[in-house]
Amino acid sequence: MEEKEKQKQRAAEAAARHLQDDMTIGLGTGSTAYYLILEAGRMAKAGMRLKAVTTSKATEELARSHHISVILPEETDCVDLAIDGVDEIDREFRAVKGGGGALLREKIVASKAKEVIWIMDESKLVERLGAFPFPVEAVPFGMPFVKQKITDMGAVPVLRMREDRPYLTDSGNYILDIKFLQDTDISLAAERIHNMPGVVETGSFRQMCSRIVVGTESGVKVMENPI
């Protein structure tokens, strides 16, 4: 296993220690969340009673295959703990997510949770957001308009593709991956984009987590959000 994968696994296993019997948990999507689902599955197989609200069809299938009971968001009043990966996060706990294409559902589940933990390898912790393409989910009908409006901001929007066709989210929408100018304030740009007609959600996850768990070469680093 490559070092980055080891770091993801370390972070996921450390975060899984916060799982408790009879919890309703939010399970994220992506390569780091994969290791969390494996660990939660081992706990469920050993007898821990867990119910999960999942952020994608892929996560739902993986959770079910590892003995985790999956429920719909409307089947619970709240999620006790949501755990997911990030694409970037700065030291003010402002995160960018959506590389796995599940940003809308990830934000819904995180917003429903009492507590949120982001897990990651150490490369995801950055001094300034902007290196990772910023995801924007938009309805297909509004995509040309949204793309042009973002271009007018001086940014470069690229329609996400899969097998020569536009990538479709589980909600049937398209994703634009945005490259901003180097001095762009990501938070302000995200707010401006979110208000554009046709935009469903953006990859800006500001101050949503209570802590982050970072896998490193030497172990795990936990950082608490003071807010």
Using a strict threshold of under 4.0 Å (side-chain N to carboxylate O), is an ion pair present between [Y] and [X]?
X      : Y      : answer
Arg64  : Glu60  : yes
Arg128 : Asp90  : no
Glu92  : Arg206 : no

Quick one: are [X] and [Y] in side-chain contact, heavy atoms under 4.5 Å?
X      : Y      : value
Glu88  : Lys124 : no
Val200 : Val139 : yes
Lys8   : Glu3   : no
Val86  : Val96  : no
His194 : Glu201 : yes
Leu72  : Val53  : no
Leu125 : Glu122 : no
Gln207 : Asn225 : yes

Can you tell me how far apart [atom1] ([X]) and [atom2] ([Y]) are? Round to the nearest 0.5 Å.
X      : Y      : atom1 : atom2 : result
Thr151 : Leu176 : OG1   : CG    : 8.5 Å
Arg91  : Glu127 : CZ    : CD    : 4.5 Å
Asp84  : Arg105 : CG    : CZ    : 13.5 Å
Ile178 : Ile186 : CD1   : CD1   : 10.5 Å
Lys107 : Lys97  : NZ    : NZ    : 10.0 Å
Glu75  : Ser69  : CD    : OG    : 8.5 Å

Side chains of Glu191 and Asn195, donor plus acceptor under 3.5 Å: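 The answer is no; no qualifying pair exists.
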
Take a 6.0 Å sphere around [atom1] of [X] and say whether it holds more than 12 heavy atoms from other residues, nucleotides or ligands.
X      : atom1 : value
Arg192 : CZ    : no
Glu74  : CD    : yes
Lys51  : NZ    : no

Linked hydrophobic residues, Tyr34 as query - side chain contacts closer than 4.5 Å: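 Via sub-4.5 Å side-chain contacts, Tyr34 links to Met1, Leu19, Met23, Ile25, Leu27, Tyr35, Leu36, Ile37, Leu38, Met43, Met48, Leu50, Leu62, Ile68, Leu81, Ile83, Ile117, Ile119, Val213, Val220, Val222.
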
ILVMFWY clustering at 4.5 Å (side-chain atoms), partners of Phe141: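 Traced through the cluster, Phe141 reaches no other member.
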
Would you say [X] and [Y] are hydrophobically clustered, going by side-chain heavy atoms of ILVMFWY under 4.5 Å?
X      : Y      : answer
Leu129 : Ile212 : no
Met223 : Val116 : yes
Leu104 : Val109 : no
Phe132 : Met161 : yes
Leu168 : Leu159 : yes

Between [X] and [Y], is there a donor-acceptor pair closer than 3.5 Å when you use the side chain of the first and the backbone of the second?
X      : Y      : answer
Ser171 : Asn173 : no
Lys6   : Gly215 : no
Arg10  : Thr216 : yes
Asp170 : Ser56  : no
Lys112 : Thr76  : yes

Verdict with supporting geometry, Glu224 and Ser210, side-chain contact (heavy atoms from CB on, under 4.5 Å): CA-CA 6 Å; Glu224 302 283 342; Ser210 57; 5.5 Å; no

Which atoms form the tightest heavy-atom contact between [X] and [Y], and what is the distance?
X      : Y      : result
Asp177 : Pro133 : CB-CB, 3.9 Å
Gln7   : Asp121 : OE1-CB, 3.4 Å
Ile175 : Pro135 : CG2-CB, 4.2 Å
Val70  : Ala63  : CG2-CB, 3.9 Å
Thr59  : Gly28  : OG1-O, 2.9 Å
Ala82  : Ala113 : CB-CB, 3.8 Å

Contacts of type side chain to side chain donor-acceptor pair (under 3.5 Å), residue Arg49, not counting sequence neighbours: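 In terms of side chain to side chain donor-acceptor pair (under 3.5 Å), with neighbours along the sequence ignored, Arg49 is linked to Asp21, Asp22.
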
Residue pair Glu106, Thr29: steps toward the side-chain contact (heavy atoms from CB on, under 4.5 Å) verdict: CA-CA 8 Å; Glu106 287 172 344; Thr29 297; 3.6 Å; yes

Steps toward side-chain contact (heavy atoms from CB on, under 4.5 Å) verdict (Glu39, Gln9): CA-CA 9 Å; Glu39 188 65 18; Gln9 185 175 27; over 6 Å; no

Mutual orientation of the aromatic rings belonging to Trp118 and Phe205 [parallel < 30°, tilted 30-60°, perpendicular > 60°]: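 Taking Phe205 first and then Trp118, their aromatic rings stand perpendicular (interplane angle over 60°).
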
Intermediate values then yes/no, side-chain contact (heavy atoms from CB on, under 4.5 Å), Met153 and Lys149: CA-CA 7 Å; Met153 292 172 58; Lys149 294 294 286 185; over 6 Å; no

Quiz item: cation-pi between Arg162 and Tyr167, 6.0 Å / 45°: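 The answer is no, since Arg162 fails at least one limit relative to Tyr167.
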
